[in-house]
Number of protein chains: 2
Amino acid sequence: MSYPREESIQRAMETFWKKGYLGTGMRDLQAALDKRPGSIYSAFGNKEGLYLEVLNSYTQRLNSQILDVVESQSPLDELRRFLCIPLSMDDSSMHKVQCLIIKTQADWTELPDNVQRALQTSSELLRHSFQKIILKAQSIGELGENIQTNRAATWLQGQFIALRTLAAGMENPADIEWMVDKIIGDLPNNWEE
Amino acid sequence: MSYPREESIQRAMETFWKKGYLGTGMRDLQAALDKRPGSIYSAFGNKEGLYLEVLNSYTQRLNSQILDVVESQSPLDELRRFLCIPLSMDDSSMHKVQCLIIKTQADWTELPDNVQRALQTSSELLRHSFQKIILKAQSIGELGENIQTNRAATWLQGQFIALRTLAAGMENPADIEWMVDKIIGDLPNNWEE
DNA sequence: CTCAACACTGAACGATCGTTCAAGATAAAA
DNA sequence: TTTTATCTTGAACGATCGTTCAGTGTTGAG
């Protein structure tokens, strides 16, 4: 093994992130990892297996960022900072603006069953962590108790999706930082029916 | 010609909508149109040409729905109705929940240049129509004059994206109708900086 | 009926897809 | 040094990809 398994996963993540699951060919991965097909297949089984490890690594990283928000003293301030992260990407990393999970979800019907399930699981994990943010903010009084935390978590995930998707389509993602402020401002309101 | 060109486009739309641009093969389209490759190529040039006509047709339909909102007496009420449309899809049409444009945008880097440009143009057209909704609502007093209409249009497009994407990932899209009410409720607020 | 015009057919092309596998390289244990 | 276990190599496989084209069928004008 010329370099550790983890580096292969990170290199593969770059490729899947840039080209999507369907758009990425094994030959793209062979070039990215600088390995021949046999090495990749013996290490990860197949394209699907490699992607599942990439997705798992990506999800854990994103989830730990969200959990950092939960642990902070002012969850709402830290949430604002978290949402701004992808808006300051340089041109060479523009493909990292969009969330890898959302990007892959778009090809839903054409994905292997295991990938579909893994995406669902990742999505639920992140929503659950968003819910923890709401609960933490309520517990320290930054948000009222009237908010239905499960709905707020789904809504927050939706805002995350909107922000990432809009930013990915702009020449300068930083131009929608104002939307982060609106999200934080809208979070406490309009939860009654 | 056994049936009009427009029907070919509608059938192709079903396929592209379900499987995405990369996920759709010419053989899928041959089956959907019940035509052999030569017929399709003589009528549309190639896969890209057929998709461009599909995208154009889709965009016009969606845009006219938005313009209907602009023309209505109560734009905000009609906007609520417009946003709810995809949330009441039966199981056989679940793939129509997600917006075709957003779905295709996910594969961005792997798409032909003409498709990239067409998606950009469609996206801008719809944002412009969203802006007309804001302006109309302001003109009849449903919204205050303090709102920056271009930002509100982008925000509204983002909410549209969030709603469609969340709904597409749920077993029952109708379960997030509450979010439409929150969107309408959030629209007038938090536009000052 | 004739003939030009046009849409349609379907076998086939070269390219690329994900994947396999026998053989070679490498390094630690014996 | 030999053995054993592990990792790597790269040619090659069958399947599928988008696309082409010579031939067939259909239609309406003269």
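Reminder, nothing fancy here: chain letters follow the sequence lines and each chain counts from 1.
- Identified under the salt bridge (charged side-chain N to carboxylate O under 4.0 Å, His left out) test for residues 119-145 of chain A, with sequence neighbours left out: none.
- A sub-4.0 Å separation between OP1 or OP2 of C:dT9 and a side-chain N or O of B:K35 is absent.
- Between A:D34 atom CG and D:dT8 atom C1' there is a gap of 12 Å when expressed in whole angstrom units.
- By the side-chain contact (heavy atoms from CB on, under 4.5 Å) test, A:N146 pairs with A:E192, sequence neighbours left out.
- In this view, B:T24 satisfies the side-chain hydrogen bond (donor to acceptor under 3.5 Å, both in side chains) rule with no residue, not counting sequence neighbours.
- Put simply, CZ on B:R36 is 16 Å from C1' on D:dT19, counting in whole angstrom units.
- Atom CD in B:E110 sits about 10 Å away from atom P in C:dC17, given to the nearest Å.
- Rounded to an integer number of Å, the gap from CE of A:M26 to C1' of D:dA12 is 15 Å.
- In this structure, A:Y51 atom OH and C:dG18 atom C1' are separated by 17 Å, rounded to whole Å.
- At whole-Å resolution of the value, CG in A:L33 and C1' in D:dC7 are 14 Å apart.
- Interface residues of residues 38-49 of chain A facing DNA chain D, ordered by number: A:G38, A:S39, A:S42; criterion, heavy-atom separation under 4.0 Å.
- Every residue two or more places apart in sequence or in another chain that forms a side-chain contact (heavy atoms from CB on, under 4.5 Å) with B:N56 is listed here: B:Q60.
- Nucleotide D:dT16 holds its P atom 16 Å from the CG atom of A:L22, rounded to whole Å.
- For B:E7 and B:R11, the salt-bridge test passes: some basic side-chain N is under 4.0 Å from an acidic carboxylate O.
- For B:D181, the salt bridge (Lys or Arg N to Asp or Glu O under 4.0 Å) criterion is met by B:R80, not counting sequence neighbours.
- Distances from the side chain of A:R27 to the nucleotides C:dC17, C:dT20, D:dT19 place C:dC17 closest.
- Atoms CZ (B:R5) and P (C:dC6) sit 15 Å apart, rounded to a whole Å.
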